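Here's the structure, in structure tokens; my notes come after.
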2 protein chains.
Amino acid sequence: MAYAGLTAERLTRAGAELADEVGFDQVTVSELARRFDVKVASLYSHLKNSRDLKTRIALLALEELADRAAEALAGRAGKDALTAFGNVYRDYAREHPGRYAAAQFRLDPEAAAASAGGRHSQMTRAILRGYDLTEPDQTHAVRLLGSVFHGFVSLELAGGFSHSAPDSAESWSRTLDALDALLRNWPTP
Amino acid sequence: MAYAGLTAERLTRAGAELADEVGFDQVTVSELARRFDVKVASLYSHLKNSRDLKTRIALLALEELADRAAEALAGRAGKDALTAFGNVYRDYAREHPGRYAAAQFRLDPEAAAASAGGRHSQMTRAILRGYDLTEPDQTHAVRLLGSVFHGFVSLELAGGFSHSAPDSAESWSRTLDALDALLRNWPTP
DNA sequence: TAAGTTGCCTAAAGGTCTTAGGCAAACGAA
DNA sequence: TTCGTTTGCCTAAGACCTTTAGGCAACTTA
């Protein structure tokens, strides 16, 4: 029948769009086949299985996120960098909720090692260069930043902050203020 | 055939255990039926559908978590309360990863209103009474605490902090120190 | 004890995942 | 140019999960 031009690449990109539309959990090999107007079995020449598809989408999302973060960080330092970095995460999650969920997909060690995960922690460390932290506090701070960003964005996306004043954007802004203050005045026990 | 004594309650509890064993996503009506040595269709007298089961597990987890938190908070204030509260979340997630994942299940508005969600935010507010914050900063701080706790626990559970020094328990302890310091010295822009 | 309710069952339809094997078109080499 | 190989999608089929419909036997209740 018709040549559809299937490719792991194209399937991954279409899968990412599908995730943003219907949610990452609802991404299905069958639905993807439907969108390419092709029989389901045809996809298995390009994808190992359903998990393989999800892994590829996750890796795509991590790359996109890292690319955006790298661009946002260029030429910035201190609170400016902190804010830009945080906004990249938050904006990406709001623009691409399915992809953001994909970025949280539990990768197997092999895929994780090949992912952009390393870039993310490197960039977080780079932000801390604008503050006066040495190891091991730097690592603790990296983990704290990751926790706050991921936690806030997740909860906001899940609707945890809606339907109540003040606006969640306001809380976000004050959260960044708070983090900046905390990093400038990091407590040593 | 044999009387199995099925009940929405019993199914929910068994579902929660199943979640802890195989992960919340893998909780399935079929597997549950298998565990009760009963035909799948029989469960549909007690559960509306698969989503209903997951909703019930989520509500159970939220209640358990709120109960633990309430007990931990009794008679504590300030950093002591903050630490106890945070540890409840972290310990619960480590002991019951499936239930913790269930607690993040996106409830429909009706179920959400009937959930223990309200108790959670009330308790978080109660912790802040030990610090000197007024509205709207109090709400911002509630959201920040929720973000940090949820974010840290999620990332830790996902293995984000493993395989690298220092120990994640150390980072957790320093995170609580940092939050305490931040709340005692909340920045006003 | 008759009537109604409860609790689990069989049957069946529809959806997803995955593997096996086939055919035709495109490609590459002699 | 032609013949063999590869590529790309297909049909077929098995396995599992979800959900609805209808049945039967045992227990409850008046």
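Within every chain, numbering begins at 1; the chains are lettered A, B, ... in the order of the sequence lines, protein sequences first and strands thereafter. Owing to the predicted nature of the structure, the values given are computational and were not obtained by experimental measurement.
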Salt bridge (Lys or Arg N to Asp or Glu O under 4.0 Å): which pairs involve residues 36-47 of chain B, sequence neighbours left out?
none
Please name all residues satisfying salt bridge (Lys or Arg N to Asp or Glu O under 4.0 Å) with B/Arg10, sequence neighbours left out, ordered by chain then number.
none
Hey, are the side chains of A/Thr139 and B/Phe161 touching, using non-hydrogen atoms and a 4.5 Å cut-off?
no
For A/Glu31, the side-chain contact (heavy atoms from CB on, under 4.5 Å) test, sequence neighbours excluded, returns A/Leu18, A/Thr28, A/Arg34, A/Arg35
Going by heavy atoms in the side chains, are A/Gln138 and A/Glu135 under 4.5 Å from each other?
yes
So if I define the base as every atom that isn't primed, P, OP1 or OP2, how would nucleotides 17-23 of chain D read as a B/S/- string at a heavy-atom cutoff under 4.0 Å?
SBBBB--
Which heavy atom of A/Ala178 sits nearest a heavy atom of B/Leu144, and at what distance?
CB-CD2, 4.3 Å
Between residues 102-109 of chain B and DNA chain C, which residues have a heavy-atom gap below 4.0 Å?
none
Any side-chain to backbone donor/acceptor pair from A/His120 onto A/Leu62? Under 3.5 Å, distance only.
yes
How far does the helix from C/dT1-D/dA30 to C/dA30-D/dT1 bend, going by the axes of its first and last five pairs, to the nearest 10°?
10°
Can you name the residues that form a side-chain contact (heavy atoms from CB on, under 4.5 Å) with A/Leu59, not counting sequence neighbours?
A/Thr55, A/Leu107, A/Ser115
Output the rounded distance in Å from NZ (A/Lys39) to C1' (C/dT16).
15 Å
Would you tell me if any nitrogen or oxygen in the side chain of B/Ser42 comes within less than 4.0 Å of OP1 or OP2 on C/dC9?
yes
Kindly write out the residues that satisfy side-chain contact (heavy atoms from CB on, under 4.5 Å) with A/Val153, not counting sequence neighbours, or none if the list is empty.
A/Arg90, A/Ala93, A/Tyr100
How would you list all residue pairs meeting side chain to side chain donor-acceptor pair (under 3.5 Å) that involve residues 56-65 of chain B, not counting sequence neighbours?
B/Asp52-B/Arg56, B/Glu63-B/Arg119, B/Glu64-B/Tyr92, B/Glu64-B/Arg99
Is there any side chain to side chain donor-acceptor pair (under 3.5 Å) pair reaching into residues 164-180 of chain B, and which pairs are they, with sequence neighbours excluded?
A/Asp137-B/Arg174, A/His140-B/Ser171, A/Arg143-B/Ser164, A/Arg143-B/Ser171, B/Lys79-B/Asp177, B/Asn87-B/Trp172, B/Tyr131-B/Asp180, B/Glu156-B/Ser168, B/Asp180-B/Arg184
CD of A/Gln26 versus P of C/dG15: gap in Å, rounded?
16 Å
Whole-Å distance, A/Leu47 CG to C/dT16 C1', equals 15 Å
Quick check: A/Phe152 with A/Tyr89 (ring centres under 6.0 Å apart)?
no
Under-4.0 Å side-chain N/O to phosphate OP1/OP2 contact, B/His46 with C/dC8:
yes
Sorted by number, the residues of residues 5-16 of chain B with heavy-atom contact under 4.0 Å to DNA chain C
B/Gly5, B/Leu6
What pairs of residues pass the ring pair (Phe, Tyr, Trp, His ring centres under 6.0 Å) test when at least one of them lies in residues 8-41 of chain B, not counting sequence neighbours?
B/Phe24-B/Phe105
Would you mind reading off the distance between B/Leu43 atom CG and C/dC8 atom P, rounded to a whole angstrom?
9 Å
